[in-house]
Amino acid sequence: MDAIFANLAIGFSTAMTAYNIMWVFIGGLLGTIMGLLPGLGPATGVAILIPITFGMDPATALITMCAVYYGAMFGGSRASIMINTPGDASAIVSCFDGYPMTKNGQAGTALAISAIASFIGGTIGMLFLIFLTGPIAAAALRFGPVEMFSLMLFALVATITLAEGSLLKGVVAMGIGFMLSTVGIDALTGQMRFTYGVEHLQDGIDFLVVMIGVYAICEVFKNYKALDMQHKLDAKSIGKVWVSWPDFKKCVMPMLRSSPLGFFVGVLPGMGASIATFMSYAMEKNISKTPEKFGKGAIEGLAAPEAANNSCAAGAMVPLLTLGIPGSGTTAVMLGALMMLGVKPGPILFSQYPEIAWGVIASMLVGNIILVIINLPLAIPLVQLLKIPQRIMLPLILGMGFMGTYFLNYSAFDFILVMGCALGGYIFSKLEIPLPPMVLALILGGTTEQSFRNAMTLSDGSIGIFFSKPISATLIALAGVSLVYSLLKRRKHAR
């Protein structure tokens, strides 16, 4: 316990500098804006705003990206509440009771409880994060190549099986990600692979070029048909952005129940905030004494998923910081950005760079408070951004995406790659192929391959080594359970 408070003190000494607090505010504000604009969401927001972290030290860069992430989670429900259009998949459930509250003349109350529930959920998630990261990081220090490969395998299988959609399409997406990760010089032998004589591919395909393409530029492709669309919004009818004490009391227990649920869902790779919000909403509806009110403007039906949403974001940071494995699409983008900055998240991050690891955790506590300040007094001005027509918004996204792509390597060849990735992302969306398995395989592909080859060297080519070590065998068993569960669930659904 003393060690935790000592580490937090180190973290606050990093997070509480005027410079870092400024970036927490800027990142939180920009993230809130990205979150409330329909179709963008946290992953796209972080991908678009990565260029602002260039030149920063790693601690400030990660603090800024976390602020963007949390801000997007706060802002995602704004469009759900006001215009019945979720900012991203995790805000879909907020439409169920948020928009009916607006139609019932309770828009101000809905906006207020959304911000308050997000704050409470995020804070509870952060408390779990503070007390769990140390033990997990300490355990991860025992991992060798065998355990690391099994861990990567479990993360990839869980991402495929727990995500919605076809299992086969998830495998296809993962395979494409692995193929992209093999392009360039082999780290172990120095041999050139799959470059086909293109010199620009010698160093491999940059993660961030792919991220900007499949998330940011792809959004422009998907929304091009709606170029003339403009949301109608009556801001005058919002009223006072605050929640009464009787309404708040209705939400206390739903928020306290949904926050731990959201956190532990977030820790599992591939689950994501959308699953956490649906689970929390279903739980509250099932235990409510008046379930018939849900879907008609029940305030607890909005508070529960909002709390789960933000605590899930804290949960997704656990595998990223302690194991170097992203727990969501957004943390996958963050992992790619950090690797470009020369920082590899994982267990050694806490021992060698405690000021970065604990500085980020401390900044998220501070950021939660700042985001409440942003989202309560500035709620009405912020929702005015929903009036911006697509013909203005889409070119801005396109411009920021191209600018970020060029600033990565100052290479015009990256424009070809980013457009190819954007086209691929668009095809994925039309074929309903999930992006997270591809993104995760691309980022973890090199580490997974090296861990497997090192393990094979240690065992003289015998795969039995993966089953002879307890941690490795347990992780492989969990991967198998996840796969069997997914197959049974899909067969039941088909029937």
Side-chain angles (χ1 to χ4, degrees), residues 58 136-160 171 173-196 201-211 269-270 319-327 331-353 409 436-476 478-479:
I136 293 174
L141 286 172
R142 304 175 187 172
F143 281 30
V146 177
E147 290 83 3
M148 283 304 298
F149 172 77
S150 300
L151 178 65
M152 303 291 180
L153 178 66
F154 167 67
L156 290 164
V157 171
T159 300
I160 294 171
V171 173
M174 185 181 71
I176 292 173
F178 271 131
M179 286 192 292
L180 292 176
S181 73
T182 60
V183 174
I185 298 174
D186 183 352
L188 294 181
T189 65
Q191 295 293 316
M192 201 73 69
R193 303 188 299 184
F194 309 116
T195 59
Y196 303 103
L201 294 177
Q202 289 182 4
D203 294 328
I205 296 176
D206 197 314
F207 317 110
L208 297 183
V209 172
V210 177
M211 302 304 169
L320 174 68
L321 293 175
T322 60
L323 303 172
I325 293 177
T331 51
V333 178
M334 292 167 65
L335 175 60
L338 285 174
M339 293 176 73
M340 288 297 298
L341 292 167
V343 177
K344 178 68 171 71
I348 62 171
L349 186 68
F350 286 83
S351 57
Q352 294 186 1
Y353 306 102
N409 302 302
M438 187 273 286
V439 170
L440 194 62
L442 171 63
I443 292 176
L444 300 181
T447 305
T448 304
E449 180 188 6
Q450 290 181 39
S451 297
F452 178 78
R453 290 164 70 178
N454 288 335
M456 289 292 94
T457 301
L458 291 173
S459 66
D460 293 327
S462 172
I463 62 171
I465 192 172
F466 295 108
F467 302 95
S468 63
K469 294 182 177 290
I471 295 176
S472 174
T474 301
L475 289 168
I476 291 175
L478 289 173

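Keep in mind that the numbers below use all heavy atoms, side chains included, and drop hydrogens, waters and symmetry copies.
At distances below 3.5 Å, at least one donor-acceptor pair connects side-chain atoms of T182 with backbone N or O atoms of M179.
Distance check, rounded to the nearest 0.5 Å: CZ of R193 to CD of Q202 gives 14.0 Å. Rounding to the nearest 0.5 Å places OH of Y196 at 10.0 Å from CG of L201. Annotation: the span from F466 atom CZ to I471 atom CD1 amounts to 14.5 Å, rounded to 0.5 Å. Between L151 atom CG and F149 atom CZ the span is 11.0 Å, to the nearest 0.5 Å. Atom CG of L442 is separated from atom CD1 of I176 by 11.5 Å, given to the nearest 0.5 angstrom. Atom NZ in K469 sits 13.0 Å away from atom CG in L475 (nearest 0.5 Å).
Nearest approach of G445 to S181, heavy atoms of both residues: CA-OG, 3.6 Å. Residues L458 and P145 share a closest heavy-atom pair of CD1-CG, 4.2 Å. Of all non-hydrogen atoms in S462 and M456, the two that sit nearest each other are O-CE, 3.4 Å. Here the closest non-hydrogen pair linking F350 and L321 is CE1-O, 3.4 Å.
For F467, the side-chain contact (heavy atoms from CB on, under 4.5 Å) partners at least two apart in sequence or on another chain are I476. Applying the side chain to side chain donor-acceptor pair (under 3.5 Å) rule to E147 yields no partners; only residues at least two apart in sequence or on another chain are considered.
With D186 as the fixed residue, the side-chain hydrogen bond (donor to acceptor under 3.5 Å, both in side chains) test singles out one of Q450, R453, Q191: R453.
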